[in-house]
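Quantities reported herein were computed from a predicted structural model and do not represent experimental measurements. Lettering follows sequence order; numbering is per chain, from 1.
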Amino acid sequence: MLNTMGIIFAGNEELRMGELTRARSLAAMPVAGRYRLIDFILSSMVNSGITNIGLTTKFNFQSLLDHLGGGTEWDLSRKKYGLFILPPFYKSENRITESGESKIQSLYNVLHYIRRGKQDYCMLAEGNAVINTTFDEMLDFHRENHSDITVMYSKNADATASQDGCFDVAADNRIKDISPNNTQNAAKSVGFCIIDTDLLITLVESCYARGEYDFSKDIIGKNLTKLRIFGYEFNGYYRHIYDIQSYYRFSMELLNRDVRDTLFENEKKIYTKIKDMVPARYQSNAKVSNSFIADGCIIDGEVNNSVLFRAVEVRKGSKINNCIIMQNGKVLENSVLNAVIMDKNVVIGSGKTLVSEPTFPIVIGKNRVI
Amino acid sequence: MLNTMGIIFAGNEELRMGELTRARSLAAMPVAGRYRLIDFILSSMVNSGITNIGLTTKFNFQSLLDHLGGGTEWDLSRKKYGLFILPPFYKSENRITESGESKIQSLYNVLHYIRRGKQDYCMLAEGNAVINTTFDEMLDFHRENHSDITVMYSKNADATASQDGCFDVAADNRIKDISPNNTQNAAKSVGFCIIDTDLLITLVESCYARGEYDFSKDIIGKNLTKLRIFGYEFNGYYRHIYDIQSYYRFSMELLNRDVRDTLFENEKKIYTKIKDMVPARYQSNAKVSNSFIADGCIIDGEVNNSVLFRAVEVRKGSKINNCIIMQNGKVLENSVLNAVIMDKNVVIGSGKTLVSEPTFPIVIGKNRVI
Amino acid sequence: MAKECIAMLLAGGQGSRLGVLTKGVAKPAVQFGAKYRIIDFVLTNCAHSGIDTVGVLTQYKPLLLNTYIGSGKSWDLDRLNGGVYVLPPYMQETSGEWYKGTANAIYQNMEFIEQFDPEYVLVLSGDHIYKMNYAKMLDYHIDKNADVTIAYINVPIKEASRFGILQIDGEGKIIEFNEKPKVPKSDCASMGIYIFNWRELRKQLIRDEADQSSSNDFGKNVIPSMLGQGKALYGYGFSGYWKDVGTVESLYDANMDLLDSGEIGLYDADWQIFSRSPLRPPHFLDRNASVTDSYVTEGCYIDGKVAHSIISDGVVIAKNAAVKDSIIMTDCKIGENAVVNKAIIASGTVIARGATIGTNCDATPQYRSNYCTGGITLIGENLTIGEGVEVGCNCMVTSDIKEEK
Amino acid sequence: MAKECIAMLLAGGQGSRLGVLTKGVAKPAVQFGAKYRIIDFVLTNCAHSGIDTVGVLTQYKPLLLNTYIGSGKSWDLDRLNGGVYVLPPYMQETSGEWYKGTANAIYQNMEFIEQFDPEYVLVLSGDHIYKMNYAKMLDYHIDKNADVTIAYINVPIKEASRFGILQIDGEGKIIEFNEKPKVPKSDCASMGIYIFNWRELRKQLIRDEADQSSSNDFGKNVIPSMLGQGKALYGYGFSGYWKDVGTVESLYDANMDLLDSGEIGLYDADWQIFSRSPLRPPHFLDRNASVTDSYVTEGCYIDGKVAHSIISDGVVIAKNAAVKDSIIMTDCKIGENAVVNKAIIASGTVIARGATIGTNCDATPQYRSNYCTGGITLIGENLTIGEGVEVGCNCMVTSDIKEEK
């Protein structure tokens, strides 16, 4: 899949994530004990042989920059192409951001980058998808159908997660219409599409000039008869993270072996930044079950149905149930937690009780001491 | 000098540079055939043993990001600390940049980064200085004098270049006053200072809270009696690049052996991004003298008193005098150029004449074809 | 690019007393403490001591070690000027020769050292577990104006005859040195860590090489000879955790020390032990798991019982299996109802369901081995111990054992 | 992390026919074309052919070569899975042995190859200048269902006896192979580039190793033997620039080809020749300089006359010096009024003022050397040729020459 470049929309900032994305972009959200959300789509692209990848960014992408560095850990520190972080562009005269809110505006701002690539195809992807796949077959499909735009869809997908809506897909796989029919069995966009690079440039320029900023409506919808636009069905596991519920739900799904195996016990690896960590340490009073535990943890309490990120400490007498505890979280002695999401560096003192239901997890912001 | 962190103000955007900094920050300005302006101060810090360096950025720092990558080529891809590019911070609610115009605002925005470092001292530096030095002796001076803030000054310096003004320096090296007396022999700020990290944090917070944004006036000037503020004299070669004239003047100074030797034939190297280039090729009609020529050039014409960046082509019959030609510049047959600055990828057709005086160089913007 | 001090790390030894553990790899590459290898400790010391140029002298089965070291990035040793260099023996114009002894190994790489024009050369071995700031030792060396400084540690006098023993005067000067003396005159044991003035070392290496009777070893030849020449040799006392992991039992003990004493201090934020981490997800403890007093690292799946053990990455321990007082290396599988007791299971090995390792001391005398003492059982890498098979204590298994029909 | 095809690059040879040029370095590390080294071309080929795993087999003075290759980053070979690995000879449990022949070198590294579980192994040598897309050769190999495919090039029949000569039928199948035949039967010369099916190669290597009479060389032993066994050997025709730079004269010619024919195509944007660049400023031509028909690279200072020459980094050519038809390697200094004609000056050498190299063919018969033919003069590295000294053609200088008083 060497003839394809990747563009990842990593500028999304989801207000529905609340405090968790206040100081980081959604793509930099910590997930699954040691990863960041961006790792999934980035690794899927790398594992597909895409070596020219641009990330559009908007606000507060410091943590994204720190995480990705020069791209070495994703094998993207390459001589030719590699990983490009594309900050927003400002017209210097009036200091106004042109990056805007929409995919089309983002694409317009990185046209210089798209033009520099020599790849015939461009893969557009959301930065907030949890997936481990390769796109080789989708590209074959795109070529075989002489498709102009191929959109990946799923019938299983979580409907609310779809950012580009639902489609009517005909038997020949052509997309007939954009459908308001967001039902269980509808073909929902997974948020990835392959498009011929030259066509993308033309479409973005023309939409931008006319102030048409809705990718789904203005690029897909308006061109359904003029262009060959196909749907490519994806049957595997994927999740979009777009609010606290979807984040919590996905984290709890990691306790299913199938989900873990699909994502991680795969020839295709999910790459991430490597940090030096001591192995997890279980003390004499540790009682841990059905939990996903990262290195550096020190556990002397009880942990059930939970995800513990790196260097989390759970002291003696504490009971953790249905929780997500991010890096450097500390739960001192004799506290009881149920359905709590702790952002990085949160400390829960001894003898505290924080209990909710999995349908309504408690969120504790970064660096808080409770 | 392991106990010092570096902050480089790389967000300057000098309108006086005109077209040359339209799409790049001043710190990313190409200089001396194969370098970028930032390379000098960055290398000087690295050669001083500073391994924790943050770059404050503001607008259009894409080219800076591309140049610096993960910092590997400056030996700053380190496990602990390394190179941090600090994009501006936005309050997500109202999308307003807080990065502002002044050093104090920039510092306020990166306080989180400064706090994370464990170094006792902080070296603040302008990103637009041409210099090859080490700061070890300045730090010794700072310590020996129990100085709170030590400002590097020079008496030789180009006065207009000084961003932090001039000083009255007493015999005991204490700064007595900020001086309006910007004469030939005045002690002019070179734009580098060492300050105790804790003090820096306190001063920045207090200035920011009171809306005092002038580093020179509000941090140096107002504290001359309350704090121990010293001047440290620097006698070596340095230049600030702040407008087209200063850029052009420095480039022409490179034709002096002493200047080249000071900057480049030194045990302390100026690091930069390495690109693969063919050696420079001289053809049968080449006539080149008193010129600085980078790899990848193909020269079949006459070149005098000029700086040619990488992969510049000068065809037969053309005569280049007193020019700066940046990467991928092309001068076709039989053209005559005098005192021209060509930005990247400029093409001069055959038989053209572009002649000015070194006191008023002609500037041709990126990608132009003439 | 002159350097004040560079390190030369002797990593060429087979470490044959580790038995089947060094069948495929050199001793410094043997796994330690769930996610480390022995060499990590010395490379980490170099990184934290500010020594950024390290030559690693290898010759025995270096493939895994070379691959593991790679660019040196994991130890911050991928430096623009300097960094880590693997130095195997090589061919000269007319012939090549293998490293004859520790001193000869350095002798053959004098050209490598010369290119850094160092003032001092630190000679290290790659088979000890300890944390030491070599910068402080260098300060001492400079302060004493020594020709060579030898780090020593006080050992119980009854063990002293296993070491090179120093006698030092009140100023720290070495007045006598005896390699493995039968009757030790002091308890100051050489740790095999030397700082030499490079000019002096260069002279001594050439002199030693010319001596046909020398076995070209630092402890046996170079140091005693320098003492005889009246050179200034100083001892640098070290106190802290230090363990030679040269035998199966000492390797086992050092691992258990990690669990029990914490003396090595893995949690010291200013002295993190660097290692090359595999890229694996967090580990998972399933509903039947019980893990106590243990270290477990990434990629493991545990549904059995683990007590007082060290579990490397990718290990699977099935339901009702019981692992106790053991070291389980990368990607081993322990089947249902299997029992592993006081054992070292090398990487990739499968202990099939119901197998019993190390519980019955009298079982399987045919596998009993001199390598294994103190009741430890050692199973080699990539083996399969069949269903229901029993292996006794003090045994070493080097090939598959099929289940009995 | 299975790989379809990995490359094994034979870089262990001394290249003794290059005379003093390989005194301190292995042949693949010899400088070429101002800023390259010979091995750059093959490593570049691998990078552009999508081969991301390369084992480099070294044994002769590998220090500079190892340092030069480093992490492989310069050739995009610092990969997460795969990349470049330097493979020296090593010790086994009982003993170690040096690489006996090309086939034995691969034989000793079978374990290295196995870890990538490749379908195909590409065997290369590190001493040829050419650009070739190995991916196309691999397609051909797969298409022909061959056991081994050998790349060949048509050479003038009178030179054919220097090569391994293939006879191929209309389908590309090799029907005869003769290593350096006295009477060549065709002009198809083996380029020493082989693609093997790994399983087949593995078998053949074990078989060859067991054969006491074999010299364990691909051309002499393995290929003829496979032909005898009726295996499917195919020839893959290559047309384009290809030069064996095994002698001083051929190395000189290949450099001059860069200047004169441009056939190697340094300016091909899709096939940039990668190399490890030194970090030096642009070069400077001063007021008296005259440089024509030449390549000059970074860090040079030229105030003299340079015609039809190749000037490596950091060279200083003083006023009134004249360099013609020559190759001046890194950091040489050519003094005022010195004349250098049709010479190769190895790195770091000083030609003092007024010295004359290579103009008078009858001068200095005492330095005449069989290594130097075609009127070429070769001066070794880090030497000083004193003021006013004259050195004639076809000479090789291996130590300083003092000025005559």
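- Judged purely by atom type and a 3.5 angstrom limit, A:N328 has no side-chain atom pairing as donor or acceptor with the backbone of A:N345.
- Ranked by non-hydrogen atom pairs under 4.5 Å with chain C, the options A:T272, A:D300, A:T72, A:L255 are led by A:L255.
- Using a 4.5 Å cut-off between heavy atoms, C:R280 contacts chain A through its backbone alone, with no side-chain atom that close.
- The backbone N or O of A:L332 lies less than 3.5 Å from no partner atom in the side chain of A:R315, so there is not a single donor-acceptor pair.
- In this structure, no portion of A:E73 lies under 4.5 Å from any heavy atom of chain C.
- Counting heavy-atom pairs closer than 4.5 Å to chain A, the top residue among C:L266, C:L279, C:L259 is C:L279.
- For A:I274, the part lying under 4.5 angstrom from a heavy atom of chain C is the side chain only.
- Paired with A:V369 under the rule side chain to side chain contact (heavy atoms under 4.5 Å, CB included), one option of A:V346, A:V347, A:I348 passes, and it is A:V347.
- Within the 4.5 angstrom heavy-atom criterion, only side-chain atoms of A:I298, from C-beta onward, approach chain C.
- Put simply, the residue from C:I302, C:L285, C:V340, C:D303 that forms a side chain to side chain contact (heavy atoms under 4.5 Å, CB included) with C:I317 is C:I302.
- Using bins of under 30°, 30° to 60° and over 60° for the plane-to-plane angle, the ring pair A:F250/A:Y237 lands in the tilted bin.
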A:N47 vs A:Y271, test: side-chain hydrogen bond (donor to acceptor under 3.5 Å, both in side chains). Steps then yes/no. CA-CA 10 Å; A:N47 290 332; A:Y271 304 109; 3.2 Å; yes
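- For C:E298, the parts sitting under 4.5 Å from any heavy atom of chain A are the backbone and the side chain alike.
- Of the atoms belonging to A:K287, not a single heavy atom falls under 4.5 Å from chain C.
- Contacts between C:S277 and chain A at a heavy-atom distance below 4.5 Å involve backbone atoms as well as side-chain atoms.
- Proximity to chain C (any heavy atom under 4.5 Å) is shown, for A:A280, by both the backbone and the side chain.
- Proximity to chain C (any heavy atom under 4.5 Å) is shown, for A:R310, by neither the backbone nor the side chain.
- Ranking C:H308, C:H283, C:R287 against chain A, the residue ahead of the rest is C:H283, based on heavy-atom pairs under 4.5 Å.
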Would you check, one step at a time, whether the test side-chain hydrogen bond (donor to acceptor under 3.5 Å, both in side chains) holds for C:D40 with C:Y68? CA-CA 10 Å; C:D40 284 332; C:Y68 184 69; 2.9 Å; yes
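- Between C:F284 and A:F292, the two ring planes are tilted [angle within 30° to 60°].
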